[in-house]
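Hydrogens, waters and symmetry mates play no part in the numbers below; they use all other heavy atoms, side chains included.
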There are 2 protein chains.
Amino acid sequence: MKRQKASSLADLSALAGVSISTVSRALADNPLVAVATRDKIKQLAREHDFQINVAARNFRLQRTGAVGVILPLGHETEQHLTDPFFMSLIASLADALADRGYDLLLSRVIPSNDQWLKAFVESGKVDGVIIVGQSDQIDVIETVAASYAPLIVWGASIPGYRQLTVGSDNFEGGRLAAQHLLSQGRKRLTFVGNPAVPEFAARFAGFNAAIAQAGVPQGAVLPSHVTAEAAYATVRTYLKEDAAPDGIVAASDVIALNALRAIADHGLRVPDDVAVVGYDDVFIAEQTTPPLTTIRQNFVLGAQMMVDLLFRRIAGEEAASVSLQPTLVLRASA
Amino acid sequence: MKRQKASSLADLSALAGVSISTVSRALADNPLVAVATRDKIKQLAREHDFQINVAARNFRLQRTGAVGVILPLGHETEQHLTDPFFMSLIASLADALADRGYDLLLSRVIPSNDQWLKAFVESGKVDGVIIVGQSDQIDVIETVAASYAPLIVWGASIPGYRQLTVGSDNFEGGRLAAQHLLSQGRKRLTFVGNPAVPEFAARFAGFNAAIAQAGVPQGAVLPSHVTAEAAYATVRTYLKEDAAPDGIVAASDVIALNALRAIADHGLRVPDDVAVVGYDDVFIAEQTTPPLTTIRQNFVLGAQMMVDLLFRRIAGEEAASVSLQPTLVLRASA
DNA sequence: ATCTTAAATGCAAACGTTTGCAAAACTTTT
DNA sequence: AAAAGTTTTGCAAACGTTTGCATTTAAGAT
């Protein structure tokens with residue numbers, strides 16, 4: 001009993017004694033083909049462990065079977081791809097796409113001119129694009145989004161912009177963080193993070209809103225860059241210069257991590273002297289010393305939403321931006 | 001002056017008044033076509049910003065233009081994809097592949113049976129496969145590697161196995177770590193990590209070799225799992241039970257991170273009471289409190305080597321496994 | 001038995017490329 | 001000016017699918 005591998009519909013059609021068309025239809029469960037024929041062909045396909053040529057199919061169907069996931073590395077070139085939050089998001093995206101039989105084409109882009117997205121979209125390598133993080137490329141994205149529907153962005157939904165976004169409510173997240181510190185009776189709050197990043201700007205706005213409502217003095221902002229060294233240096237310097245804050249809201253867990261270190265190096269204790277609230281709840285957040293109280297973004301849900309929206313757009317349907325609610329995760333740092 | 005987008009060789013051939021074949025050859029710099037013709041066609045292609053249909057080309061050439069990057073999630077299901085080391089490696093792989101015009105197809109696999117790799121390879125979706133981490137799937141990999149050449153593995157090169165590997169010299173890394181602690185006069189060393197993971201086993205062996213050579217008592221091993229909680233709990237328990245070690249070599253930075261926390265929670269100081277050496281030098285290693293002394297694996301070089309070897313294999317050439325030398329990075333923890 | 005309708009199958013084109021081979025267009029040699 | 005060579009171009013097939021349309025086969029109605 002020979003069980004040669006059948007590697008094309010033609011092979012299979014020869015084995016079954018029917019035409020290629022019939023085989024194609026049978027495997028696709030097309031009701032046009034008789035049940036008996038269909039079963040026979042499927043059985044044969046199993047026996048000869050037939051795997052359809054995906055490239056040929058996609059070619060014929062004029063699609064690619066892949067979705068591009070792009071990380072624009074705008075202001076913080078080194079940081080992005082290794083950022084645990086983005087990685088977690090990508091992992092979840094890979095899963096969500098795999099569920100639909102699509103592949104994930106990973107691409108990181110350092111925007112050199114404002115044509116990079118257009119070029120990528122027109123390269124025909126993907127059926128849709130997911131951009132992870134708006135970076136400083138909102139306007140570039142907006143331009144392309146105007147004429148290219150299957151494009152989803154992880155980031156902030158900004159009034160007046162039409163790009164389809166999925167993101168957590170950064171304002172609310174910032175508010176939650178500040179409110180938590182305020183509720184502990186802390187009064188000298190500082191926000192660490194670069195407000196030029198749109199996500200961070202929203203978090204900062206929420207932070208300020210909470211402070212305003214509580215009626216304590218306006219908090220300071222330390223416009224730190226996202227890189228590790230920058231965050232550390234910023235906090236370190238701040239602690240030396242200024243009256244010490246009793247609470248820090250960091251724009252990301254990575255920044256918080258470095259704030260923890262700067263505070264420790266300055267001889268202060270967390271959370272006794274200074275409380276720290278992070279943002280993202282990346283997997284190392286519970287492993288820091290002390291473990292980080294932080295604002296959790298649900299990246300599994302986020303990834304699913306993005307993929308959902310993307311396929312709706314690919315199918316030509318309407319879809320609206322989604323905002324996910326962040327939650328406060330209590331650990332030891334605040 | 002109309003500048004419609006030309007979307008196929010046919011479009012372009014109509015514009016240039018030559019045949020499709022000539023256009024194809026011209027764009028490929030085939031010397032068969034006259035220089036003047038070639039220049040004209042190339043100019044036209046630029047003007048109408050022609051992008052060749054990659055799918056069609058790959059289909060015709062019977063290749064996919066993609067390389068699969070697989071993360072087998074054997075013993076440590078949750079840990080892998082978010083592990084900063086793997087992510088860094090993947091990022092570098094994406095770059096190295098992009099340089100060669102290849103795409104990266106990300107796939108994470110939870111091995112349910114021993115057919116997963118065979119199925120993936122035979123799916124025809126990729127021209128080659130890079131497996132990141134052997135996990136507990138060495139034998140599965142070995143079976144497929146016997147008949148499928150374009151397969152490269154990040155991991156340990158084990159005598160008797162023929163799979164083509166790129167990896168850092170884990171034995172040497174473990175030795176370096178232990179030696180560093182011994183050179184500080186520390187005498188009670190402990191290794192934290194699960195030796196069932198092949199990479200970790202080699203690191204442990206190097207660790208033991210250094211101890212044997214120094215003539216101090218044999219170090220203890222704490223076969224911790226890689227997950228955060230497990231590592232923390234293991235070290236915490238150990239510190240309570242036993243005479244405290246004065247040096248810990250962790251099998252990874254993530255483990256080291258948790259060791260730091262366990263030590264701090266136990267009321268001991270790093271490095272004064274217990275020194276800690278990590279492994280990998282992931283990006284958070286310099287951001288912990290205190291920053292980690294660790295063994296660096298050069299993932300950029302590693303990724304390039306893997307891609308190099310892969311393309312040699314795809315081209316049908318011979319290639320041999322590569323072992324990279326790890327280096328000790330001195331920071332504050334040891 | 002013949003005609004009509006329905007169900008099942010097959011034919012052939014198309015997707016956009018690359019490439020072996022044949023043909024055409026130039027060059028050089030005689 | 002024809003023959004022989006050389007360079008340049010074009011024809012057509014092929015890669016493995018899917019699918020509109022035509023055709024065959026089976027079933028039902030008269």
Side-chain angles (χ1 to χ4, degrees), chain A residues 4-45 48-66 101-103 122-127, chain B residues 4-45 48-66 101-103 122-127:
Chain A
Q4 296 189 33
K5 196 167 183 293
S7 59
S8 70
L9 292 185
D11 289 3
L12 222 46
S13 81
L15 286 166
V18 297
S19 75
I20 296 180
S21 325
T22 302
V23 175
S24 172
R25 282 190 266 253
L27 296 178
D29 281 326
N30 188 321
L32 235 50
V33 34
V35 186
T37 321
R38 168 151 58 80
D39 291 347
K40 185 174 91 183
I41 291 173
K42 285 196 158 185
Q43 174 60 26
L44 234 37
H48 297 260
D49 55 80
F50 172 75
Q51 300 246 27
I52 202 156
N53 183 323
V54 182
R57 154 187 285 156
N58 286 338
F59 173 54
R60 157 72 222 220
L61 296 178
Q62 293 293 89
R63 52 166 224 187
T64 67
Y102 270 70
D103 293 325
E122 288 177 352
S123 75
K125 283 160 59 161
V126 295
D127 297 333
Chain B
Q4 297 188 34
K5 196 167 183 294
S7 59
S8 70
L9 292 184
D11 288 3
L12 221 45
S13 80
L15 286 166
V18 296
S19 75
I20 295 180
S21 326
T22 301
V23 175
S24 172
R25 282 190 265 253
L27 295 179
D29 280 326
N30 188 321
L32 237 50
V33 35
V35 186
T37 322
R38 168 151 58 82
D39 291 348
K40 185 174 92 183
I41 292 173
K42 283 196 159 185
Q43 174 60 27
L44 233 38
H48 297 260
D49 55 80
F50 172 74
Q51 301 245 25
I52 202 157
N53 184 323
V54 183
R57 155 187 285 157
N58 285 338
F59 173 53
R60 157 70 223 224
L61 296 178
Q62 292 295 91
R63 51 167 225 185
T64 66
Y102 270 70
D103 293 324
E122 287 176 353
S123 77
K125 283 160 62 160
V126 294
D127 297 332

query: Looking at side-chain heavy atoms only, is the closest gap between A:His48 and A:Asp11 below 4.5 Å?
result: no
Please list residues of residues 25-39 of chain B whose heavy atoms come under 4.0 Å from any atom in DNA chain C, ordered by number; otherwise none.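 Heavy-atom cutoff 4.0 Å gives B:Arg25.
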Self-check item: Heavy-atom closest contact (A:Phe50 atom, A:Ser7 atom, distance)
Solution: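 The pair with the smallest heavy-atom distance is CE1-C, 4.0 Å.
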Worksheet item: Could you give the start and end, 5' to 3', of the contact zone on DNA chain D for chain A, using atoms under 4.0 Å from its heavy atoms?
Response: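 First and last nucleotides in contact are D:dG16 to D:dG20.
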Tell me, which of residues 54-65 of chain A have any heavy atom that sits under 4.0 Å from an atom in DNA chain D?
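Those residues are A:Ala56, A:Arg57, A:Phe59, A:Arg60, A:Leu61.
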In numerical order, the residues of residues 17-24 of chain A whose heavy atoms come under 4.0 Å of DNA chain D are A:Ile20, A:Ser21, A:Ser24
In this structure, OG1 of A:Thr64 is separated from CG of A:Asp103 (nearest 0.5 Å) by 8.5 Å
[X]: partners by side chain to side chain donor-acceptor pair (under 3.5 Å), with sequence neighbours left out:
| X | result |
| --- | --- |
| A:Arg63 | A:Asn58 |
| B:Thr37 | none |
| B:Gln51 | none |
| B:Asn53 | none |

The ring pair (Phe, Tyr, Trp, His ring centres under 6.0 Å) partners of B:Tyr102 (sequence neighbours excluded) come to B:Phe311
Check nucleotides 22-25 of chain C for protein N or O atoms closer than 3.5 Å to its own N or O atoms and list the pairs.
none

Please tabulate, one pair per line, all N/O donor-acceptor pairs under 3.5 Å involving side-chain atoms of residues 12-36 of chain B, not counting sequence neighbours.
from	atom 1	to	atom 2	distance (Å)
B:Ser13	OG	B:Ala10	O	2.9
B:Ser19	OG	B:Ser21	N	3.4
B:Ser19	OG	B:Thr22	N	3.3
B:Ser19	OG	B:Thr22	OG1	3.2
B:Asp29	OD1	B:Lys42	NZ	2.8
B:Asp29	OD2	B:Lys42	NZ	3.3
B:Asn30	OD1	B:Leu32	N	2.9

query = Can you name the side chain to side chain contact (heavy atoms under 4.5 Å, CB included) partners of B:Gln43, sequence neighbours left out?
reply =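 Side chain to side chain contact (heavy atoms under 4.5 Å, CB included) check on B:Gln43 returns B:Arg46, B:Glu47.
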